[in-house]
Amino acid sequence: MAKLFSPIDIKGITLKNRIVMSPMCMYSAVDKDGMITPFHLSHYISRAVGQVGLIMVEATAVQPEGRISDQDLGIWDDKHILGLKNLNKEIHSYGAKSAIQLAHAGRKAELEHPIYAPTALPFNDTSITPVEMAVENIKATIEAFKNGSRRAKEAGFDIIEIHAAHGYLINQFLSPLTNKRQDDYGGSRENRYRFLSEIIEAVKTEWDGPLFVRISANEYNEQGNAEEDFIYFTTQMRAQDVDLIDCSTGGVVPARIKPYPGYQVKHSEVIRSKSEIATGAVGLITTGIQAEEIVQNERADLVFIGRALLRNPYWAKEAADELGYDLEAPKQYERGWK
Ligand SMILES: Cc1cc2nc3c(=O)[nH]c(=O)nc-3n(C[C@H](O)[C@H](O)[C@H](O)COP(=O)(O)O)c2cc1C
């Protein structure tokens with residue numbers, strides 16, 4: 001039997017297979033209110049119909065100023081819970097589990113109001129300069145991740161992922177290139193990790209289910225110490241009972257390039273073996289055979305599929321065909337599923 005299609009138990013949540021819909025912003029909220037729309041329902045539910053084991057909802061802002069754009073989804077207010085709850089009910093009805101990626105864009109927010117970062121360094125030449133976060137801002141943001149977790153629980157998600165990658169706020173604290181603080185939140189790797197560490201502890205006061213963290217495993221290679229830092233960070237995360245590290249990097253290699261084995265999979269492999277923690281691999285994993293090879297050789301515990309699932313909601317079905325695995329149809333589709 002293909003390992004890709006074998007179930008896996010993560011802190012009491014059983015995923016029916018190892019395929020995860022990678023978090024992908026759809027920039028489709030309207031009225032700048034962060035609310036789920038009919039588009040989001042069809043987008044996510046169709047991938048649950050397509051037999052993905054875990055549907056991860058895109059980067060969802062824990063504070064309005066933490067949105068990448070004003071079309072992002074939000075979870076900064078109780079008004080967001082009901083829509084997400086309806087989405088989860090449908091996802092679950094097709095046998096998939098659901099996750100939400102809690103996020104804050106920091107200096108990468110493209111918004112009109114003030115934006116925040118560990119240090120007042122703009123993202124690029126055309127970006128506005130962020131406000132350096134005072135300790136009160138830091139504490140308020142940690143509280144926002146905690147409240148977002150409470151809402152995620154009320155909305156019925158099975159798993160929470162904290163977005164600590166891709167140059168967004170938490171990544172800005174982890175990286176010595178963007179964190180020039182002189183206080184307890186900057187400088188040494190212990191200090192740069194403090195913000196994420198406090199977020200994890202705050203989330204855990206509201207959330208006892210599986211917790212994932214997405215990292216950019218080579219975000220500041222030019223410093224020459226990223227790997228050492230990330231072994232430290234991920235070992236700390238394991239000690240804090242994080243269940244899985246979702247190993248990404250910055251940037252997206254063009255989909256037409258075929259750098260298999262996936263350009264980010266090597267980071268998953270290193271972190272899995274050196275930090276002895278479960279990992280997810282991502283990045284141009286486009287066929288069932290590639291995905292199977294990754295889990296079979298224990299290079300990762302889960303495979304996150306991004307653009308291939310945007311192109312084809314039934315990617316998992318095709319991967320099963322490729323591996324000769326007889327994928328059970330969702331009960332609603334028994335008669336039409338070939
Ligand atoms: C349209 C789009 C939106 C994305 N949004 C997010 C996001 O919200 N959070 C995140 O961590 N990564 C995001 N990513 C990165 C993907 O999750 C994934 O890591 C990346 O696309 C590489 O996987 P792939 O080669 O299978 O597409 C996004 C990628 C795309 C293409």
Side-chain angles (χ1 to χ4, degrees), residues 4 18-29 34 36 39-40 43-44 47 50 52 54-62 66-75 84 98-106 108-110 145 148 152 157 159-172 174 196 211-219 244-268 279-291 293-294 300 302-313 315-316 318-319:
L4 186 64
R18 313 299 177 99
I19 302 169
V20 183
M21 178 176 183
S22 204
M24 284 176 286
C25 281
M26 289 292 107
Y27 305 109
S28 295
I36 282 271
F39 165 79
H40 296 100
H43 174 66
Y44 289 114
R47 276 72 187 177
V52 168
L54 178 65
I55 305 290
M56 190 172 292
V57 171
E58 65 200 75
T60 302
V62 296
R67 289 170 294 169
I68 305 163
S69 85
D70 57 21
Q71 294 171 308
D72 284 12
L73 289 181
I75 194 159
L84 294 169
S98 62
I100 185 164
Q101 191 186 47
L102 299 184
H104 192 300
K108 281 178 80 179
E110 291 181 12
F145 273 93
F157 284 101
I159 294 176
I160 285 180
E161 174 164 290
I162 297 171
H163 196 349
H166 302 174
Y168 296 119
L169 184 65
I170 299 174
N171 192 192
Q172 290 158 31
L174 295 176
L196 175 55
L211 182 59
F212 295 3
V213 177
R214 176 166 265 202
I215 58 163
S216 281
N218 71 346
E219 193 71 53
L244 181 137
I245 309 293
D246 169 7
C247 300
S248 181
T249 62
V252 181
V253 168
R256 66 178 182 282
I257 298 175
K258 300 271 179 261
Y260 193 75
Y263 61 107
Q264 297 168 142
V265 177
K266 60 185 179 208
H267 301 296
S268 160
T279 58
V282 67
L284 284 183
I285 302 162
T286 53
T287 70
I289 289 170
Q290 291 169 355
E293 184 274 322
I294 291 167
L302 299 177
V303 289
F304 285 58
I305 308 296
R307 288 161 292 174
L309 264 174
L310 290 185
R311 287 192 293 274
N312 176 9
W315 184 89
E318 290 183 8

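As the structure lists them, so they are numbered: ligands from 1, and atoms in each ligand from 1. Note: hydrogens, waters and symmetry copies are ignored here, and every other heavy atom, side chains too, is used. All residue numbers in this chain count up from 1 along the given sequence. Predicted model only: the values in this text are computed from it and were never measured.
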Is it true that the side chains of S69 and E110 contain a donor and an acceptor less than 3.5 Å apart? no
Would you say G306 and ligand 1 have an N/O pair spaced under 3.5 Å apart? yes
V282 and ligand 1 - part of the residue with a heavy-atom distance under 4.0 Å: side chain
Polar contacts were defined as any N/O atom of the residue lying under 3.5 Å from an N/O atom of the ligand; does this apply to R214 and ligand 1? yes
Thinking salt bridges, do D72 and R67 make one under a 4.0 Å N-O criterion? no
Within the structure, is a non-hydrogen atom of A308 found at a distance of less than 4.0 Å from ligand 1? no
Please tell me if the side chains of F304 and I19 come closer than 4.5 Å, counting only heavy atoms from C-beta onward. no
Just by distance, with hydrogens left out, do Q264 and S268 show a side-chain donor and acceptor under 3.5 Å apart? no
Any non-hydrogen side-chain atom of M56 less than 4.5 Å from a side-chain atom of I100? no
For ligand 1, find out whether one of its N or O atoms is nearer than 3.5 Å to an N or O atom of F304. no
Can you confirm, on distance only, whether ligand 1 has an N/O atom lying under 3.5 Å from any N/O atom belonging to P23? yes
Any nitrogen or oxygen of M26, main chain or side chain, under 3.5 Å from a nitrogen or oxygen of ligand 1? no
Taking C-beta and beyond as the side chain, do V20 and I305 meet within less than 4.5 Å on heavy atoms? no
What I'd like to find out is whether the side chain of F157 reaches to under 4.5 Å of the side chain of V57, using heavy atoms alone. yes
So for Y263, does at least one of its heavy atoms come nearer than 4.0 angstrom to any atom of ligand 1? yes
Is H163 in polar range of ligand 1, meaning some N or O pair under 3.5 Å apart? yes
Looking at S22, which atoms of ligand 1 are within less than 4.0 Å of one of its heavy atoms? 16 (C), 17 (O), 18 (C), 19 (O)
